[in-house]
Trainee: 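Take a look at this one; I'll ask things after.
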Amino acid sequence: MDFKELEKKWQAAWDKAKLFEANPKEGVRKFFCTAPYPYLNGPLHLGHAFTYTRLDAYARYWRMNNRNVLFPFAFHATGEPIVGAAKRIAAKDPKQIKVLKDSGVGEREIKKFTDPEKIVAFYAALNKDLAFQLGLSIDWRRRFTTIDPHYKQFITWQYLRLKEQGYVAQGTHPVIWCPACKSPTGDHDRLEGEGVSPVAFTLLKFKFEDAFLVAATLRPETIYGVTNIWLRPDSTLVKATVGSETWIISKSAAAKLQEQQKIVTVGDTINTPELIGKHVQNLATNEDIPILAADFVDPDNATGVVMSVPAHAPFDLMALRDLENAGTIKKGSLVPVQVVAVPGLGANPAATVCEKYKVKTQHDANLVSATKELYKKEFHIGTLTDKTGKYAGKKITDVKDELVADLMKAGIADTMYEPEAKVVCRSNDVCIVKILENQWFLTYSNPEWKKQVQKNLDRLTLHPDEIRPAFIYTLNWLQDKACARKSGLGTRVPWDSEWIIETLSDSTIYMAYYTIAHIIKKEKIAPENLTPEVFDYVFLGTNKKKIKTVPEAVLDTMRKEFLTWYPVDIRLSADELVYNHLTFFLFHHTALFQPEHWPLGIGVNGMVSVEGEKMSKSKGNFITVIDALETYGADVTRLALLSSAEGLAQPNWNATETRSLKTWLSRLLTWCQQNYKPHPGRKIDEFLFSRMQGYVERAQQAYETGRFRTALQAAFFSPVNDIRWYLRRTDTVGEALPYALDLVVRMIAPAVPHVAEECWNRLGNTGFVSTAVFPTLQSDLISEVAEAAEALIQQTAQDITEVQKIVGKKPKKIVIYVADFWKYDVYATMVKGASKGSIADLMKNPEIKKHGNDVIKFVERLKKTKLTQLLNHDEELAALKDATPFFRKEFDAEVEVRSARDVDDPKAKRAEPGKPGIVFT
RNA sequence: GCGAGAGUACCCGAGCGGUCUAAGGGGCAAGGUUGAGGGCCUUGUGGCUUAGUGCCUUCGUCGGUUCGAAUCCGGCCUCUCGCACCA
């Protein structure tokens, strides 16, 4: 039977039986699991499939352990990308149109997708279908999209309550900004400058006539060592009114400052060369210093005015030397002033490093390295000299903030932001820094809030726990986060309708909404009737008396449903979301819900790669669920993903290996069809019975902690290999085989549910394996002896093969010798550790003493290895005798099993416990 | 730069002080068997050696601890992810 056909059949059967609709049974524990809803700008891909399949495995496992299980699903539409996609379609962008076509949209339909809501509706339907075809055991009644009016009411409630508690505040923040797009330029929107953030320059004002020449620096402490000002003669400077002052700065700086909350009026352009040679006053030292020309000044960076600190800036020093050498200024007329002392760098640190790097002029390529080295050393270990007045003797790191504050207070300093490196927007425009005003922030920096989250984190179960440091790190690092934008889809900030709640910020506690989503739908509650008070009652149990918008009975049903499912037992996601979404999830729960409703567990997994490479559209290795289902079907896809990686490892999708998994599933399907008539009372059955117990135990533990690769090894791959061995070992099947098949089928049901259902059916069961009981350990079936016996037989078969290979011909007869009694005695003694290799003790036993030298050699050998308890002489003999027919069949020869005690053959004498002697005749 | 994680044979991976040439899978090769329409089953897959269970060399790299290290410690190299106003 074709896999796809088989899958369709069982999906339809589950759906008809409403198997996954979560209608809780009384008196039964619950399990509520969720994963982030997918974003609706494309079809689900393998990354989604991985997380969702993992979640489904949890859900199905617990369903088979008699829990009420809720696995809900919804769709994310908030934010810019969908609107952007709609716009691109309107603009007939071929890439975007191809995405649609690949998702199955016909040529004629495409123009409809200029409406964002159409895109939402389309992908919601498509992805629902894909999730269904993957066999995810979802309660579909509860689905929604984040732009549904009902959901928006829920978000409104959330933000009202957050604001009341002081967790939402307005703030002002520097962002990288594209002047053309008039919006912040996030990393993903940049052609150049990924990871670049705003950096604050200190502006230092130097008095020049009735104005200030304003220099920008990252090292304001060096103001005490300024010897001159640098300008580039060809740069365009303007007089600009900034507040009540007049600044002389570059034209572009004036424009930038307008975006940084400065009231700037641009006035006359200055004839820059005329300034050269004139003097300004350093207001920190009251010295008069000259303005000089230098080529290295970049007029587009900061103010275009640079102060010169030749003792600490290699560029400044070299530019001065160049002027001296050219005779523009007198040698020694400007003396470097040391303001930072670093041991070993002398009175002029800049000169010292320039010498080290053999730098001679301001055009030297090594200047950058020299500068880097010096800045680093001075910043980390430098102390300020007595030229700096009250800061003398201190470390820069310790006084920098204070120093800047003092200079500001004195009116000689200000601040200007620049990107720390060049940033170019996708629109091809160079970005600047803008200070965004009145932006709404979630105050994640709030120490009280953080403390609450810490409490939640302390008791949170993490799968795997290795991810914990990442959470702790994030918690400490997290600052206030902007939570609103001015464009895109989503819910408006309830008290400030210009703003729309941003996408990560509206997706933090929606798991609570799942608990009531189906009731809202079923009762046809109008969105406006979902007032904040309704949610207060449902989620917090406040007074419901005043609520008139929703009937009391419905309110009670919702409240009950919430109490049934909350808190979330596990939330699953890719590890990259720890740093934002998963942590926000904790923050918002602690802020809004009672502690008994805070999350209980989080599971994370690595990002899926394809053939060893990160999946990306541009690389062409982007595999959608549509592709995977088409090529492999649901169960093979699921099996490939689940068995590919666990923990934090990155799962890798490999087409060849995935294909081979089909064979494995087919093997099982075939066996389940055989309808074996078991023969009772067979020795080898003890082995299989026993083996299965170990697998059950391991599979249980692994499923419970989300280690699905291990789970499948124990539930599927290992038992299948054992069954293969079993079938090789025996002609007639015993009771252990149907037993093992039954267990395997139930154990793999959480991972490959369709094949499991089919097998379950073929084994003659009625009902669904999806709701059958997961196997439990039967400790009375464990037999170490049986397992050891089988290992011995396997080992012996291998040894015979080995010998046969060396001999180069097939034997007529094989005699297998079990080692002499005394060796077992010695071995057993050593295992117990009784004599720890003390030969004298062993020799007290006359049976052993008889063998003198052989004993000593044997003991010396055993001392070198770690010993494990093995079978005794009689058990080995029995096991091998029992396997005689097997050996006979395997090697096509007469086989005899004997004890070495009875013969004198030297090869027989070499036999040891666990390693029988083999003699060919 | 800061933070987190990882480097194991042809590939994916398990192993986390002695049982390690290192589970399991995939691929490849040889052989057997045969139509269980996805075949099935053996065997081999670092080198040398042997009527067998032995030796040498290997777990990013260089050192260290230990009777003993893929496993513990330190340095170095390489890779992946995150560093936010973005899903």
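Throughout, a chain's letter reflects where its sequence line sits, starting with A, and its residues are numbered from 1.
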Trainee: The criterion is side-chain contact (heavy atoms from CB on, under 4.5 Å); which residues satisfy it with A/E630, sequence neighbours excluded?
Mentor: A/K4
Trainee: At under 4.0 Å between heavy atoms, what does A/R724 touch on the DNA or RNA strands: base, sugar-phosphate, or nothing?
Mentor: sugar-phosphate
Trainee: What nucleic acid atoms does A/G917 come within less than 4.0 Å of, heavy atoms only: base, sugar-phosphate, or nothing?
Mentor: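 The answer is base, as A/G917 lies within the cut-off (heavy atoms under 4.0 Å) of a base atom.
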Trainee: Remember a base hit wins even if backbone is also touched, and classify A/S660 as base, sugar-phosphate or nothing at under 4.0 Å, heavy atoms.
Mentor: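 Sugar-phosphate, no base atom in range.
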Trainee: Stem ranges for RNA chain B, with three or more consecutive Watson-Crick or G-U pairs under 3.5 Å?
Mentor: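 So far as stems of 3 or more pairs are concerned, RNA chain B shows B:1-7 with B:77-83, B:10-12 with B:24-26, B:27-33 with B:39-45, B:46-48 with B:54-56, B:60-64 with B:72-76.
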Trainee: Looking at every strand, decide which applies to A/H173 at a 4.0 Å heavy-atom threshold: base, sugar-phosphate, or nothing.
Mentor: base
Trainee: How is A/L504 classified with respect to the nucleic acid when contacts are heavy atoms under 4.0 Å: base, sugar-phosphate, or nothing?
Mentor: base
Trainee: When you measure from the side chain of A/T146 to the backbone N and O of A/A77, does any donor-acceptor pair fall under 3.5 Å?
Mentor: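 At least one qualifying donor-acceptor pair exists.
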Trainee: Can you sort out the partners of A/H76 under ring-ring contact (aromatic ring centres under 6.0 Å, His included), two or more places apart, ordered by chain and number?
Mentor: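 Per chain and number, A/H76 pairs via ring-ring contact (aromatic ring centres under 6.0 Å, His included) with A/Y37, A/Y39.
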Trainee: List the residues meeting ring-ring contact (aromatic ring centres under 6.0 Å, His included) with A/W653, not counting sequence neighbours, and say none if there are none.
Mentor: A/Y632
Trainee: So, OP1 or OP2 of B/G26: does either fall under 4.0 Å of a side-chain N or O from A/W664?
Mentor: yes
Trainee: Applying ring-ring contact (aromatic ring centres under 6.0 Å, His included), can you list everything that pairs with A/Y375, at least two apart in sequence or on another chain?
Mentor: none
Trainee: Check every strand shown and say whether A/T670 touches a base, only sugar-phosphate, or nothing at a heavy-atom separation below 4.0 Å.
Mentor: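 Here A/T670 touches the bases of the nucleic acid.
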Trainee: Pick the nucleotide of RNA chain B nearest each of A/R659 and A/N721; which residue has the one closer to the 5' end?
Mentor: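 So the residue in question is A/N721.
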Trainee: Just to verify, what does A/K481 make a side-chain contact (heavy atoms from CB on, under 4.5 Å) with, not counting sequence neighbours?
Mentor: A/Y444, A/E502, A/L504, A/S505, A/F584
Trainee: Less than 6.0 angstrom separating the ring centers of A/F441 and A/H173, yes or no?
Mentor: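 Yes, they do, as the ring centres are separated by less than 6.0 Å.
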Trainee: Which part of the nucleic acid, if any, lies within contact of A/D480, taking any heavy atom under 4.0 Å across all strands shown: a base, the sugar-phosphate backbone alone, or nothing?
Mentor: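 A/D480: base contact, heavy atoms under 4.0 Å.
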Trainee: Just checking A/P916: base, sugar-phosphate only, or nothing, at a heavy-atom cut-off of under 4.0 Å?
Mentor: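 If one applies the 4.0 Å heavy-atom cut-off, A/P916 turns out to touch a base.
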Trainee: Tell me which pairs pass salt bridge (charged side-chain N to carboxylate O under 4.0 Å, His left out) where either residue lies in residues 633-654 of chain A, with sequence neighbours left out.
Mentor: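 Non-adjacent pairs meeting salt bridge (charged side-chain N to carboxylate O under 4.0 Å, His left out): A/D56-A/R638.
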Trainee: Can you list every side chain to side chain donor-acceptor pair (under 3.5 Å) pair that touches residues 575-585 of chain A, not counting sequence neighbours?
Mentor: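 Those involving residues 575-585 of chain A are A/R571-A/H581.
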Trainee: Name the closest nucleotide to the A/D799 side chain, picking from B/U53, B/A36, B/G5.
Mentor: B/U53
Trainee: Partners of A/E80 by side-chain contact (heavy atoms from CB on, under 4.5 Å), sequence neighbours excluded?
Mentor: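 side-chain contact (heavy atoms from CB on, under 4.5 Å) list for A/E80, sorted by chain: A/R485, A/S487.
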Trainee: Classify A/E80 by what it touches in the nucleic acid, base, sugar-phosphate, or nothing, heavy-atom distance under 4.0 Å.
Mentor: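 Result for A/E80 = sugar-phosphate.
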Trainee: Between A/T656 and B/G26, is there a side-chain N or O to OP1/OP2 distance below 4.0 Å?
Mentor: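 Result: no.
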Trainee: Provide, to the nearest angstrom, the distance between the CG atom belonging to A/N476 and the C1' atom belonging to B/G82.
Mentor: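 Distance, rounded to whole Å: 15 Å.
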Trainee: Judged by atom type as modelled, is there a donor-acceptor pair below 3.5 Å linking the side chain of A/R468 to the main-chain atoms of A/L457?
Mentor: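 Indeed, once roles are kept as given, a pair shorter than 3.5 Å links the two residues.
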Trainee: Give each protein N/O atom lying under 3.5 Å from an N/O atom of nucleotides 11-17 of chain B, with the pair distance.
Mentor:
from: B/G13; atom 1: O2'; to: A/R709; atom 2: NH2; distance (Å): 2.4

Trainee: Look at the side chain of A/E576 and decide which nucleotide, out of B/G82, B/U43, B/A4, has an atom nearest to it.
Mentor: B/G82
Trainee: Between N or O atoms, less than 3.5 Å apart, protein on one side and nucleotides 30-35 of chain B on the other: list the pairs.
Mentor:
none

Trainee: List for me each residue that meets ring-ring contact (aromatic ring centres under 6.0 Å, His included) alongside A/Y676, sequence neighbours excluded, and say none if there are none.
Mentor: none
